[in-house]
Amino acid sequence: MAQKSRDLMEYLLHLFVLICIYTILAQSLSLVAGYSGQVSLTHAGFYGLGAYTTTLMSIHWGRHLRC
């Protein structure tokens, strides 16, 4: 029973961190695109670079990250 509650808490923490990351990304894009009217491709670039780096690290070290 204790293992299930621990797994649930880990899942909720992981979900909370993802929500925070996406919120920061959305707010920064809103700031750049909304208030200043600029087109920002760097947000997508950094996000894609992070995904690419995570994939290469996963392949190189053989560890798969949980989503």
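Values below: every heavy atom of this structure, side chains too, minus hydrogens, waters and symmetry copies.
Atom CG in L25 sits 9.5 Å away from atom CD1 in I21 (nearest 0.5 Å). A distance of 11.0 Å separates CZ of F16 from CG of L12, quoted to the nearest 0.5 Å. Separation of atoms CG (L8) and CD (Q3) is listed at 11.5 Å; rounding is to 0.5 Å. Residue L13 holds its CG atom at 10.0 Å from CG of L18, rounded to the nearest 0.5 Å.
At least one donor-acceptor pair under 3.5 Å links the side chain of S28 to the backbone N or O of I24. With S30 contributing its side chain and A26 its backbone, the two residues share no donor-acceptor pair below 3.5 Å.
Pairs of residues two or more places apart, or lying in two chains, that qualify as side chain to side chain donor-acceptor pair (under 3.5 Å) and include a residue from residues 16-27 are Y22-Y47.
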Y11/D7 under side-chain contact (heavy atoms from CB on, under 4.5 Å): CA gap, chis, key distance, verdict: CA-CA 6 Å; Y11 171 73; D7 289 342; over 6 Å; no
